[in-house]
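Down below is the structure, laid out as structure tokens.
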2 protein chains.
Amino acid sequence: MDCEARKFAWFEPGSADELLSQRQVYRNSQSIYEPGEYLFAEGDVHPMAYTLKEGWAICYKQLLDGQRQVVHVALPGDFLGYQTDFSERIDYSVMAVTECKFCGFTPAGIESLLEKDLSLIKRLMEIQNKQNKSCKRTLSVVGQAQAKSKVAYFLADLVERLERRGLDIEETLAFPLSREDIADAIGITPVHLSRVSVELSNAHVVECRHNKLKVMDIPALQHLAEAVF
Amino acid sequence: MDCEARKFAWFEPGSADELLSQRQVYRNSQSIYEPGEYLFAEGDVHPMAYTLKEGWAICYKQLLDGQRQVVHVALPGDFLGYQTDFSERIDYSVMAVTECKFCGFTPAGIESLLEKDLSLIKRLMEIQNKQNKSCKRTLSVVGQAQAKSKVAYFLADLVERLERRGLDIEETLAFPLSREDIADAIGITPVHLSRVSVELSNAHVVECRHNKLKVMDIPALQHLAEAVF
DNA sequence: CGAGGACTTGATCGTATTCAATATTAGTGG
DNA sequence: CCACTAATATTGAATACGATCAAGTCCTCG
């Protein structure tokens, strides 16, 4: 995991929390997933939580008719799969977009970490709180905005998150999401996304092609996004 | 608050938690809001959290252009306004739809409760987790479904929540939301909502008029909703 | 009974979808 | 390294779902 991303992680072995390390917590916990592979799927009873250490992954839900909604694009440092009650079915799927490295935590491991350091509970609450806010914000844009604003919001949000992870957003960035991934995240079709992308490109706001992303006008992008940043 | 709703509340004075009661926590904490009045508004620094004890309220966000997205319809027992960091601005507004009675908690009050009973932290996490799941589910429907499914989802979800609060959903239920409230919750216009309502009514699925709700065919309603219930 | 607001209905328009064809990229084996 | 193929993305044309504008109707409340 990029060192900048550590501050987003819930618990990072090898950092200042080192003294808390316990063998059991990390046993079998580091794992690699290839593009297209699943960490877990919606409906699974899956008593593990994960920190994404490297790579990009998408979290999504499916309607009964098969329609897919991407509810989160996971970046290094993101904490996934946590549930207060791990005997419940998980409510979303996680699929690797690029090669991903995850660090897994068992419920027992989490329990023992929490007992040793009460501040980790606060941290866990903060993470939930942030995810909550982010989801409401996305819902607002998906529910109310026009296609162009939705695209702008999606890209502006991702760019902001990448910047906080230490990337220079003035540069051309690696961007592994497909048209369909993006479209499913904002509730439009890939075909229409393509048309909107051309508009944004012609307006010299942002260019997003061939798995590369180049932001040309950040203020314009954020303004189009309609959301409060 | 209806006694059935207590099990949804985070902390209910007068219940088994009674011994925890502290004067400071409840000072000035019971308050009544008339329809249209605000508990707090998006952007406020508002260091209080609340349990809704009686009435209906809507939680919403606004885009920069003024568009409104209702992110939650609050019913008795719901816990609102909690933030891990109360110095941050709150990310949504809460407006009373009917006359509402709220029970308020100060950050200091919450802190002292948590210190006395660690299980309350678990409870708080559960609440956050539930809100999270609910938001993702709503996002999926708002992002992917057709208008008719959106309406069905919205009503099916509310009916389920009312039922868990002890109401008999076979009966005609009080339903104080306006067309606009519903429309803003699912991302369609009130005009179109009106047309869809007629369809659902003609199909003998659900009737929702004059602040009354009558579900005629629950299975059909849930099937239309497309979401996993 | 009258006035104002909320809701419904009708007609038209526009954004985004769908279907289909083309173009581009990435992947594979010669 | 270059065909050849499959997958992904773009473009075009037609359609449709939902939005908008406007008129009319139905409740509610004074």
Side-chain angles (χ1 to χ4, degrees), chain A residues 34-36 58 63 65-70 95 97-99 141-155 172 174-202 206-214 224 226, chain B residues 34-36 58 63 65-69 97-99 141-155 172 174-202 206-214 224 226:
Chain A
E34 295 300 317
I58 52 173
L63 301 191
D65 66 1
Q67 289 272 85
R68 183 179 79 151
Q69 173 70 40
V70 171
M95 190 181 85
V97 172
T98 65
E99 182 180 289
V141 173
V142 170
Q144 303 298 328
Q146 304 241 100
K148 201 195 278 188
S149 289
K150 291 186 185 183
V151 176
Y153 166 76
F154 180 80
L155 295 178
T172 298
F175 193 80
L177 301 177
S178 71
R179 278 343 205 193
E180 201 175 355
D181 292 334
I182 303 172
D184 286 347
I186 57 183
I188 64 173
T189 56
V191 175
H192 197 237
L193 171 61
S194 189
R195 298 187 217 279
V196 173
S197 298
V198 171
E199 282 186 65
L200 290 174
S201 176
N202 288 343
V206 64
E207 209 144 322
C208 162
R209 300 169 62 131
H210 319 315
N211 294 333
K212 295 262 172 293
L213 177 72
K214 177 86 200 319
L224 275 171
E226 290 284 1
Chain B
E34 296 301 317
I58 52 173
L63 301 191
D65 66 1
Q67 289 273 84
R68 184 179 77 149
Q69 173 70 40
V97 172
T98 65
E99 183 179 288
V141 173
V142 170
Q144 303 299 327
Q146 303 242 99
K148 200 196 276 190
S149 289
K150 291 186 185 183
V151 176
Y153 165 77
F154 180 80
L155 295 177
T172 297
F175 193 81
L177 302 177
S178 72
R179 283 327 206 201
E180 201 174 354
D181 292 334
I182 304 172
D184 286 347
I186 57 182
I188 64 174
T189 57
V191 176
H192 197 237
L193 172 61
S194 187
R195 298 188 218 278
V196 173
S197 298
V198 171
E199 281 186 66
L200 290 174
S201 176
N202 288 343
V206 65
E207 209 145 319
C208 162
R209 301 170 62 130
H210 320 315
N211 293 336
K212 295 264 174 290
L213 176 72
K214 177 85 193 343
L224 274 172
E226 291 283 2

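Values in this document were obtained by computation on a predicted structure and should not be read as measured data. Sequence lines set the chain letters: A, B, ... in the order given, protein chains first and strands last, and positions in each chain run from 1.
- Under the rule for a side-chain contact (heavy atoms from CB on, under 4.5 Å), the partners of T172(A) that lie at least two apart in sequence or sit in another chain are K212(A), K214(A).
- For DNA chain C, the residues of residues 142-150 of chain A within the heavy-atom distance limit of 4.0 Å (strictly under) are Q146(A), A147(A), sorted by number.
- Applying the side-chain contact (heavy atoms from CB on, under 4.5 Å) rule to A183(B) yields the partners I188(B), P190(B), L193(B); only residues at least two apart in sequence or on another chain are considered.
- Pairs of residues two or more places apart, or lying in two chains, never qualify as ring-ring contact (aromatic ring centres under 6.0 Å, His included) while including a residue from residues 181-202 of chain B.
- By the salt bridge (Lys or Arg N to Asp or Glu O under 4.0 Å) test, E99(A) is found to be paired with no residue, residues two or more places apart in sequence or in another chain being considered.
- Overall bending of the helix from dC1(C)-dG30(D) to dG30(C)-dC1(D), expressed as the angle between end axes built from five pairs apiece, is 40° (10° steps).
- In this structure, CG of D65(A) is placed 15 Å from P of dT17(C), rounded to the nearest angstrom.
- By the side-chain hydrogen bond (donor to acceptor under 3.5 Å, both in side chains) test, E207(B) is found to be paired with S201(B), residues two or more places apart in sequence or in another chain being considered.
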Task: Sugar-phosphate or base contact per nucleotide [nucleotides 6-16 of chain D; S, B, -; heavy atom under 4.0 Å] - done: ---SBBBB---

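- Among residues two or more places apart in sequence or in another chain, the side-chain hydrogen bond (donor to acceptor under 3.5 Å, both in side chains) test is passed with S194(B) by none.
- With sequence neighbours excluded, the residues that form a side-chain contact (heavy atoms from CB on, under 4.5 Å) with N202(A) are V198(A).
- Checked against side-chain hydrogen bond (donor to acceptor under 3.5 Å, both in side chains), E199(B) has the following partners two or more places apart in sequence or in another chain: K148(B).
- Applying the salt bridge (charged side-chain N to carboxylate O under 4.0 Å, His left out) rule to pairs touching residues 183-196 of chain B yields R68(B)-D184(B), sequence neighbours excluded.
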